[in-house]
Amino acid sequence: MDVTDVSIPSGAMLIGDTWVAGDDAARRDHLNPATGKPLGSFALGSPTDIDDAVAAAQAAFPAWRDLAPVVRRDLLLELARLLAAHDVELGTLRTLELGAPLKRKRGRSMAAEYVTYYAGWVDKLEGSTVPLGPGALDYTRPEPYGVVAVIIPWNGPVVSAAMKVAPALAAGNCVVLKPSELGPLSALRFGELCLEAGIAPGVVNVVPGGPDAGDHLVRHPGIGKISFTGGGATATRIMAAAAIRLTPLTLELGGKSALMIFDDANIDKAVQIGVTTGLINLSGQGCVLPTRMLVHDSIYDDVEQRVLAIVHALRPGDPFDPATTFGPVINAAAASRILGVIDRARADDAGRIIAGGSRIGGDLADGFYIEPTVFSDVDNQSSLAQDEVFGPVLSLVRFRDEAQGVAIANDTKYGLGGFVFTRNIDRAHRVAANLEAGSIGINGFPPMPPGAPFGGVKQSGFGREGAAAGLWEFLQLKNVYVELDPA
Ligand code: NAD
């Protein structure tokens, strides 16, 4: 499929069965990050649009909740089929809106896998009975919250949507999905596919918008539960707003994950995975990506050289060109923010800069490209090592033994991911147990299968996506006591 074969969604909001164009003044141009040229404009939801979307979801809720489980299951399976069938199109839209180089070999659709997985739960939402003797019966009923607010970031809209919307729908909730104002196009297409799958209008509503729309949504009295993925500062505001009505929350937040390489590791594999996931993928704009590479002292120089070899071989360019291996960041504001972080790290002597550090010019000057940047011998106390950069900046940090390495890895407010590369099986599991993070990879980067729980500890959030735990985020347990008259 070529970029010209993809129809860009009209940019209208999906509210009930209607595509709402919104106010002209509230439309926003989205610039293609690779070229800096407008890709299209789309509506930003106003408070009234949010009210309408919540009302549409409330109206759809009783019928969706009461649908025979096998019917709800089959509707989700149809959505999964459509997501898989449109995977190339959705991937192309993602490349257009995020600038990430197009993956030509598309093996699996992660979004489809999540929807399929949760479709399988619909007819297995069992309660339990509580033994109370012959005089009484007591049983539980897992019940949906009603209307759920799903707020997602721009950096992986379809997967983020599927990870939340699939379990929410499987549990019998209806959804108001608010994609980020910075990347709503593929999320709008996701909404369109929900309708195409036969899911009733109003069950899934998609209203892109900025902080004001998000704030109005989380304060809305019609919202039973909030599931949020995004940054910690936003989460603090959402939690404060949710506190007013005590609306329950699931929070999937940022990270500063460490990837530890011990001297007995398969160094080649460790470095390749570390640089690919920590620097190259999405140009470092990911939550769980290992942006701190912790390297044992005895192999430090070797690892540094290997990192540089990979970085120097990268080909920034047009994300649709098969030769391109490195893409832009999301927009001009992100580019200047990231360059500011690099300048501050230089000024603070946070580490030695050994690659990159500037905006890429020449043919790519109109796009938002930052050179892949590596700091070596980074001080783990520096802001560079402590704060999420959300850009292509990798920090190499030295450690001398396991205890010190784990202490450095844990010396962060975040706790999303942790990765360890070693051939010592005892050490691998010991380190996995001692890392303060929700998701650990031993000698590999987890592919995040839907059956495995994903989420953070500390300031990386609470609650889980994936697995049964992800489903229970959208269910509340009712207990029913029945007193039986003696015969
Ligand atoms: P962000 O926090 O700026 O925005 C996230 C979403 O919240 C957007 O839809 C935004 O419009 C909305 N929002 C902003 N202010 C709001 C408010 N006051 N009330 C309600 N909604 C509001 O984050 P971003 O820049 O879009 O994404 C990057 C962040 O997301 C990073 O910190 C990254 O680590 C995190 N992230 C986490 C995960 C995860 O699974 N843990 C996955 C992807 C991204």
Side-chain angles (χ1 to χ4, degrees), residues 6-33 35-60 93-94 96-99 147-158 160-161 164-165 174-195 201-202 204-223 226-231 233-235 237-238 241-242 330-334 337 368:
V6 171
S7 70
I8 294 173
S10 68
M13 301 166 274
L14 176 58
I15 299 176
D17 60 357
T18 310
W19 289 93
V20 178
D23 192 344
D24 268 0
R27 288 185 82 79
R28 181 178 185 280
D29 280 336
H30 184 73
L31 303 186
N32 180 337
T35 61
K37 298 201 168 50
L39 190 61
S41 83
F42 55 84
L44 290 182
S46 65
T48 310
D49 297 318
I50 294 285
D51 291 346
D52 291 347
V54 174
Q58 283 173 318
L93 270 178
R94 174 180 182 270
L96 279 171
E97 72 181 329
L98 306 188
V147 180
V148 169
V150 169
I151 301 179
I152 56 171
W154 52 267
N155 69 336
V158 172
S160 287
K164 293 177 184 299
V165 173
C174 292
V175 169
V176 177
L177 168 64
K178 195 205 76 61
S180 166
E181 68 281 25
L182 303 183
L185 298 177
S186 44
L188 287 165
R189 186 72 181 110
F190 175 89
E192 203 168 27
L193 292 177
C194 290
L195 287 183
V204 177
N205 305 274
V206 188
V207 185
D212 291 349
D215 186 63
H216 191 76
L217 180 59
V218 297
R219 287 171 194 272
H220 200 291
I223 295 298
I226 299 161
S227 181
F228 170 74
T229 298
T234 310
R237 286 193 282 276
I238 289 179
I330 184 74
N331 57 25
R337 184 187 52 75
F368 312 123

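All values below were derived from every heavy atom in this structure, side-chain atoms included, with hydrogens, water molecules and symmetry-related copies excluded.
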- Item | Side-chain heavy atoms of Phe42 within contact of Arg28, under 4.5 Å |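 When only atoms from C-beta onward are counted, Arg28 and Phe42 do touch, with a gap below 4.5 Å.
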Margin query: Is there a side-chain contact between Lys164 and Thr229 in this structure, where contact means two heavy atoms from C-beta onward sitting under 4.5 Å apart?
Written below: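 Yes, at least one pair of side-chain atoms sits under 4.5 Å.
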Exercise. Verify side-chain contact (heavy atoms from CB on, under 4.5 Å) between Phe190 and Val206, making sure each step is shown before the conclusion.
Key: CA-CA 9 Å; Phe190 175 89; Val206 188; 5.5 Å; no
*Residue pair Leu98, Trp154: steps toward the side-chain contact (heavy atoms from CB on, under 4.5 Å) verdict*: CA-CA 8 Å; Leu98 306 188; Trp154 52 267; 3.7 Å; yes
Worksheet item: What heavy-atom pair brings Val204 and Leu14 nearest, and what distance separates the two atoms?
Response: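 Looking at all heavy atoms of both residues, the closest pair is O-CD2, 3.8 Å.
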Query raised in the report: Closest approach of Ala21 and Ala43, non-hydrogen atoms and distance?
Result: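 Closest approach of Ala21 to Ala43: O-CB, 3.2 Å.
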**Message:** For the CG atom of Leu93 and the CZ atom of Arg189, what is their distance to the nearest 0.5 Å?
**Reply:**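 One gets 8.0 Å once the value is rounded to the nearest 0.5 Å.
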If I take atom CG from residue Asn205 and atom CG from residue Asp49, how far apart are they, to the nearest 0.5 angstrom?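 It comes to 11.0 Å.
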Point to revise | Leu217: which of Val207, Val176, Ile238, Ile226 passes side-chain contact (heavy atoms from CB on, under 4.5 Å) | key: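 Of the listed residues Val207, Val176, Ile238, Ile226, the side-chain contact (heavy atoms from CB on, under 4.5 Å) partner of Leu217 is Val176.
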Main chain of [Y], side chain of [X]: is a donor-acceptor contact present, judged purely on distance under 3.5 Å?
X	Y	result
Thr234	Gly230	no
Thr18	Val20	no
Arg27	Ser41	yes

Item checked: Evaluation steps, side-chain contact (heavy atoms from CB on, under 4.5 Å), between Leu96 and Asn32 -> CA-CA 6 Å; Leu96 279 171; Asn32 180 337; 4.1 Å; yes
Please tabulate, for the side chains in residues 50-60, all donor-acceptor contacts under 3.5 angstrom to protein atoms that are two or more places apart in sequence or on a different chain.
{"residue": "Asp51", "atom": "OD1", "partner": "His216", "partner atom": "NE2", "Å": "2.7"}
{"residue": "Asp51", "atom": "OD1", "partner": "His220", "partner atom": "NE2", "Å": "3.4"}

For residues 177-187, which side-chain donor-acceptor pairs fall under 3.5 Å, sequence neighbours excluded?
{"residue": "Lys178", "atom": "NZ", "partner": "Gly209", "partner atom": "O", "Å": "2.5"}
{"residue": "Ser180", "atom": "OG", "partner": "Leu182", "partner atom": "N", "Å": "2.9"}
{"residue": "Ser186", "atom": "OG", "partner": "Glu97", "partner atom": "OE2", "Å": "2.5"}

Practice prompt. Starting from the C-alpha separation in whole Å, work towards a yes-or-no answer on side-chain contact (heavy atoms from CB on, under 4.5 Å) for Ile152 and Phe228.
Written response: CA-CA 6 Å; Ile152 56 171; Phe228 170 74; over 6 Å; no
